[in-house]
Amino acid sequence: MDAYKVIEKDLAHLPRRPNLVDYAALSRDFDWSRARALLDGLPQGGGLNIAHEAVDRHAYGRRADKVALRCIAKSGGRRDIRYHELAEETSRFANALARLGVAAGESVFLLLGRVPELYIAALGALKAKCVVAPLFSAFGPEPIETRLAIGSGRVLVTTEALYRRKVEALRGRLPGLAHVILIDEGPPLPATLRWQELMSAASPLFAIPPTDPEERALLHFTSGTTGRPKGAIHVHEAVVTHHVTGLYALDLNEDDVFWCTADPGWVTGTSYGIIAPLTHGVTNLVVEAEFDAETWYGVLAAERVSVWYTAPTAIRMMMKLGAAAVRGYDLGALRFMASVGEPLNPEAVLWGLEAFGRPFHDNWWQTETGGIMIANFLALPVKPGAMGLPLPGIEAAIVERQADGSVAVVEAAMVQGDLALKAGWPSMMRGYLNEEERYRKCFVGPWYLTGDLAKRDADGYFWFVGRADDVIKSSGHLIGPYEVESALMEHRAVAEAGVIGKPDPIAGEIVKAFVALKPGFSASEELRRELLGHARKRLGAAVAPKEIGFLANLPKTRSGKIMRRLLKARELGLPQGDLSNLESDER
Ligand code: ATP
Ligand code: MG
């Protein structure tokens, strides 16, 4: 994969000087306590509260009238919420929670599409020091119930339609769920409250109480790609990472129009769809509609988006339609594009250059890490296929488990091992909800083990190999699915690829690939042979797939990740496991 040409950067041609230029110096001198000083803290030594940093600190100064959230509804309607208005609305919600008797530390669940109330409720609940737990609005009743139950949901904010369809029937089994708030107007519905009534009765002034940075703020469930989702707990201190990574990895500046396409039901949609951009005082775009390439290009052009943060699954769908579809749009304002969530195949990085005139910058992190940990930076060369370099303040390493249970750092370049991070950055999860043992097992000595396998090259760039669970052991070789998938993606017929190990009596496992084809191609024996041949030429016989299956679509999580465990379970006729986060049209 490192055969791809490095994309060099010419800073002279960038519209502004990047926030991070001298990576080595910045990393060497970085100190989290100094980074904390980039934020305000609550007045009179009152601690640190995410909502203060995201909203209130801008709302009463020169940014008061600046648009904080530009919400574009599915209907095409728009609503601009300025910083002072966002402060008032979130204060009203905090006051409403207080009036309902909801206490600090209790959880407020959000089951909403990307509508303004979602953002107001999240930030208002943070002001009231409640724990915010956003859910995907497309979840079915079962995942909603289990998450509300294990997260001890005390309040749920949703719509009448979602409530009737998914929650009403479970209410009896959730005695802790004291209040359901419906955001739409309408006649009273038993055992629910109306947003409008609560908000108009509440004062727009709320003084955030002193907040210990270690108080719980967010509860985020992992994507469930490898098994049952875990509830990761984050604290107010996390905002330091959100802000710093917004500064360096996303290069946010206050005059940016920023668009993170992720839903807040996935951690990216909260850390970067709500918190990081607002702490920088940017205009944050909120688009309610689901992915559609033409709609997205239209939004990028019409809203003059300057920084865009998206995911490989969307990029692959755009690639399916071809670069020509981008041509008719004026994307002159766009200056930086980043991607997260899955490995970004080199083909996709390069397609960015072809279609948008700039590469997609891959970055790596997890629900557990709370924020971006490894990134390709605007000012630095991009190696297509690499996840990039650790953020200043983050120490990442490849480690190897030792017989005595400890881990040793692998110093040599390009040796595959466990990707580990030195514990201690602000947005590190503080626990898995109700899974103390599992949480404890993530740490060995000073290291947090991510569960991903990677390599580091001589320049310090990290290369993703695969999740530890997905790595294939074939005839003594350890094969990362990402490498095989990326090679298949180079073929003009392939839109998506997912690779698994299939048990085999001789080899232990053989590599089996599933591919979805681009429009204009159809499955045939001839294409299968062509793909097998292409992969063998590209990867060698030991690593190339032995079998290829054609699928119309690959099964994915709601955050767009290919679920290899499901490909495998289906192939082997095994139980499919937790499907709560499976994209519904894949079922
Ligand atoms: P679960 O832990 O429930 O199986 P998940 O790991 O997919 O789900 P997330 O926390 O949303 O849940 O995803 C983090 C994982 O996504 C990472 O550990 C990694 O495997 C993958 N990932 C994220 N970004 C990248 C990237 N840039 N390159 C490669 N893999 C990535
Ligand atoms: Mg995970």
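Not measured: the values here are computed from a predicted model. One-based numbering, in listed order, for ligands and for the atoms of each. Both backbone and side-chain heavy atoms feed into the values below; hydrogens, waters and symmetry mates do not.
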Identify every side-chain donor-acceptor pair in residues 349-360 under 3.5 Å, counting partners at least two apart or on other chains, and give the distances.
| residue | atom | partner | partner atom | Å |
| --- | --- | --- | --- | --- |
| R358 | NH1 | L334 | O | 3.3 |
| R358 | NH1 | F356 | O | 3.1 |
| R358 | NH2 | L334 | O | 3.4 |

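Near M387, with a cut-off below 4.0 Å to any heavy atom, the atoms of ligand 1 are 28 (N). Listed by number with element, the atoms of ligand 1 under 4.0 Å from a non-hydrogen atom of E342 are 22 (N), 23 (C), 24 (N), 25 (C), 26 (C), 27 (N), 28 (N), 29 (C), 30 (N), 31 (C).
The pair R564-D469 fails the salt-bridge criterion, with no side-chain N (NZ, NE, NH1 or NH2) lying under 4.0 Å from an Asp/Glu carboxylate O. A salt bridge links R440 to E437: one of the charged nitrogens lies within less than 4.0 Å of a carboxylate oxygen.
Residue T450 has no N or O atom closer than 3.5 Å to an N or O atom of ligand 1. At least one N or O atom of G224, backbone or side chain, sits closer than 3.5 Å to an N or O atom of ligand 1. Any N or O atom pair closer than 3.5 Å counts here, and S339 shares no such pair with ligand 1. Distances between N or O atoms of L344 and those of ligand 1 include no value under 3.5 Å. An N or O contact shorter than 3.5 Å is missing between R228 and ligand 1 by distance.
Taking the six-membered ring where tryptophan is involved, the planes of W296 and F291 are perpendicular, since the angle between them exceeds 60° and thus also 30°.
Under a 4.0 angstrom heavy-atom cut-off, G341 registers as being in contact with ligand 1. Between F221 and ligand 1 there is no heavy-atom distance shorter than 4.0 Å. Residue contact annotation: Y482 has no non-hydrogen atom under 4.0 Å from ligand 1.
The proximity of T225 to ligand 1, defined as any non-hydrogen pair under 4.0 Å, involves the side chain as well as the backbone. Looking at F464 against ligand 1, only its side chain comes within 4.0 Å, counting heavy atoms.
Taking the ring centroids of W365 and Y272, they lie under the 6.0 Å cut-off.
The only option from F336, Y248, Y23 that meets the ring pair (Phe, Tyr, Trp, His ring centres under 6.0 Å) definition with F377 turns out to be Y23.
Protein heavy atom in closest approach to atom 10 (O) of ligand 1: T367 OG1, 2.5 Å.
Under the side-chain hydrogen bond (donor to acceptor under 3.5 Å, both in side chains) criterion, S107 pairs with no residue at all, not counting sequence neighbours.
Contact check for H234 versus S271: no side-chain heavy atoms found under the 4.5 Å cut-off.
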